[in-house]
2 protein chains.
Amino acid sequence: MLSRSHPKPSRTGRPRSVAADEAILEATRASLVDLGWSKLTMGDVATRAGVAKTTLYRRWAGKNELVVDAVAVLFDELELPDLGSLSADVQAVVLQFAALLERPETQTALMAVVAESTRDEALRTRIRDSIVNRQKHLVLQGRQRAQERGELPVEQDEAKAALTADLIFDVIAGAVVHRALVSAEPVDEDWARRFTLLLLAGLGAAAAG
Amino acid sequence: MLSRSHPKPSRTGRPRSVAADEAILEATRASLVDLGWSKLTMGDVATRAGVAKTTLYRRWAGKNELVVDAVAVLFDELELPDLGSLSADVQAVVLQFAALLERPETQTALMAVVAESTRDEALRTRIRDSIVNRQKHLVLQGRQRAQERGELPVEQDEAKAALTADLIFDVIAGAVVHRALVSAEPVDEDWARRFTLLLLAGLGAAAAG
DNA sequence: CAGTTACGCTACGGGTCGTAGCGTAAGAAC
DNA sequence: GTTCTTACGCTACGACCCGTAGCGTAACTG
């Protein structure tokens, strides 16, 4: 699930403490809540986790990678409910995602690691694998369900369908993040309803055009 | 235009060097390009600008505020062209915004300062005033033009119209930023066209519903 | 048992932070 | 001009964090 730094399946020697692993990630989230991204230090995390600072560096290259892993697990909560209609499903996912973005550890970490990733290809890949693709999967899943329900047509052109899915994903995730973190206004049910209405109306019309 | 730290219009004493002001902001942008947000230091900026480090601290509280001001002026370039149709106008603005996000100094700085702003109310206000509201104005301006052209109805309910404008703004800005910085894929003409189609179709249908 | 790897701990050089102190520079008021 | 006031450059400083090296110990394998 989590990539970590190549644990290199060596059959000999003292094994890495999995308990320490979870303690470190938990401590990282706690430190994010208390101090925020910029004031979080490796030393503080180590102290909170009850491990030596060197142990952190044996597993993670630095703050960036550590925080990505610590936050990534929170995105496991995201699930696509089956509420019977595409509209209801989208709205529910939007609210789930918004709830995630309300948590202080997610707020302060998400934008920061993405900012770092603009100058670090490996970090970008890591974020994509452990966070972004997990969200994108929800979009693909939602489309499939909608197609099974007959709410969306089964597209012929595979390439075009993938482009549309990418577009939808950027619109949903982008809009929610921007609303929550840039505009800093609540993503409540009313907003989610209006957004979903806009999106699905556009999706239907765009598919026809 | 730029707020800066209260220049307190004192009529006496040596005036602050406006040349130094511009040199510092220019040096900040250069440092962002060369080093990126995380490795940018106040000392480096001071050296590049040819001023003492203390001079920076006399005008800006820290790195956050400095970078916001340095990047804010880049957003002055954004203009709403009058291309004759709402669709063409939206598409053009999207491409302009995308071009801004391709610049390395904007990429690395924008997400970082927003991340910081989640824990700093004053910084959030500064960003809103110098960057976000400047973008939002384009949305309001575009709506007005479209209404004058008869492409959009003049809404009665003022409050509802404001909510819709906010929604549109978050969708446009959010989608472009997400595409450019999270998905890290190009915002080219094709993408802008498909996005605009989706948005305007949704806008029309949502207004009807 | 020996071999191998992880751990905790300490200590270190190097870098950045933000500030204090001082002498000097540049305008304003008289 | 002289005096007043504020900005500037420069130096130096304690505080903090970084990332690593070195060492003795712990845990697990064969």
Side-chain angles (χ1 to χ4, degrees), chain A residues 2 4-28 31-32 34-67 108 112-113 116 119-120 122-123, chain B residues 2 4-28 31-32 34-67 108 112-113 116 119-120 122-123:
Chain A
L2 289 177
R4 201 77 76 259
S5 48
H6 326 284
K8 188 187 262 186
S10 65
R11 290 258 159 238
T12 171
R14 176 177 179 175
R16 283 194 174 171
S17 164
V18 285
D21 249 58
E22 194 44 53
I24 292 170
L25 293 176
E26 174 59 35
T28 303
S31 188
L32 279 173
D34 290 351
L35 306 177
W37 161 268
S38 58
K39 292 183 182 171
L40 177 147
T41 67
M42 298 295 269
D44 177 70
V45 171
T47 303
R48 285 174 190 257
V51 300
K53 195 173 56 164
T54 45
T55 299
L56 265 70
Y57 283 105
R58 289 193 187 98
R59 310 183 184 203
W60 288 277
K63 184 170 159 177
N64 294 339
E65 292 77 10
L66 173 61
V67 169
T108 188
V113 295
E116 289 302 302
R119 299 224 142 211
D120 184 339
L123 185 62
Chain B
L2 290 177
R4 202 79 75 256
S5 50
H6 329 281
K8 191 186 261 186
S10 65
R11 289 263 160 235
T12 172
R14 177 177 175 174
R16 285 193 173 169
S17 164
V18 285
D21 249 58
E22 196 44 53
I24 291 170
L25 292 176
E26 174 60 34
T28 303
S31 188
L32 280 173
D34 290 351
L35 306 178
W37 162 268
S38 58
K39 293 183 181 170
L40 177 148
T41 66
M42 297 296 268
D44 176 70
V45 171
T47 303
R48 286 173 191 257
V51 300
K53 194 171 56 162
T54 45
T55 300
L56 265 69
Y57 283 105
R58 289 194 186 97
R59 310 182 184 205
W60 288 279
K63 184 171 159 176
N64 294 340
E65 292 76 10
L66 172 61
V67 169
T108 190
V113 295
E116 289 302 302
R119 299 223 141 213
D120 185 339
L123 185 62

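Naming convention: chains lettered A, B, ... in sequence-line order (proteins, then strands); numbering from 1 in each chain. Fair warning: this is a prediction, and the values are worked out from it, not measured in the lab.
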For [X] and [N], what is the distance between atoms [atom1] and [atom2] respectively, to the nearest whole Å?
X       : N      : atom1 : atom2 : result
B:Lys63 : C:dG18 : NZ    : P     : 10 Å
A:Met42 : D:dT20 : CE    : C1'   : 13 Å
A:Trp60 : C:dA6  : CH2   : P     : 14 Å
A:Arg58 : C:dT5  : CZ    : C1'   : 10 Å
A:Asp21 : C:dA6  : CG    : P     : 12 Å
A:Leu56 : C:dA6  : CG    : P     : 15 Å
B:Asp44 : C:dG14 : CG    : P     : 20 Å

Side chain B:Thr28, main chain B:Ile24, donor-acceptor under 3.5 Å: yes

Counting side-chain heavy atoms from C-beta on, which of [options] comes nearest to [X]?
X       : options                : value
B:Tyr57 : D:dG19, D:dC17, C:dC17 : C:dC17
A:Arg16 : C:dA28, C:dA6, D:dG9   : C:dA6
A:Thr12 : C:dG18, C:dT4, C:dA28  : C:dT4

Relative to the 5' end of DNA chain D, which residue comes earlier, A:Lys53 or B:Arg14, by the nucleotide with the nearest heavy atom?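 With A:Lys53 and B:Arg14 compared, the 5'-side residue is B:Arg14.
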
Using the closest heavy atom to pick a nucleotide of DNA chain D for each, name whichever of B:Ala20 or A:Gly62 lands nearer the 5' end.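 Its nearest nucleotide being more 5', the pick is B:Ala20.
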
Rounded to the nearest 0.5 Å, what's the gap from CD on B:Glu116 to CD on B:Glu65? Could you check?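 If we round to the nearest 0.5 Å, B:Glu116:CD and B:Glu65:CD are 9.5 Å apart.
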
CD on B:Glu26 to OG on B:Ser31, rounded to 0.5 Å: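 Interatomic distance, B:Ser31 OG to B:Glu26 CD, rounded to 0.5 Å: 11.5 Å.
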
D:dG9 phosphate, OP1 or OP2: any side-chain N/O from B:Thr55 under 4.0 angstrom?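 Answer yes for this pair, as a side-chain N or O of B:Thr55 is under 4.0 Å from OP1 or OP2.
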
Residue whose closest nucleotide on DNA chain C lies nearer the 5' end, B:Pro15 versus B:Leu40: B:Leu40

side-chain contact (heavy atoms from CB on, under 4.5 Å) for A:Asp44 and A:Arg48? Distances and angles first, verdict last. CA-CA 6 Å; A:Asp44 177 70; A:Arg48 285 174 190 257; 2.8 Å; yes

Base of D:dC10, side chain of B:Thr54 - is there a donor-acceptor contact under 3.5 Å?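 Check passes, donor-acceptor contact within cut-off.
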
Any side-chain heavy-atom pair from A:Leu40 and A:Asp34 closer than 4.5 angstrom? no

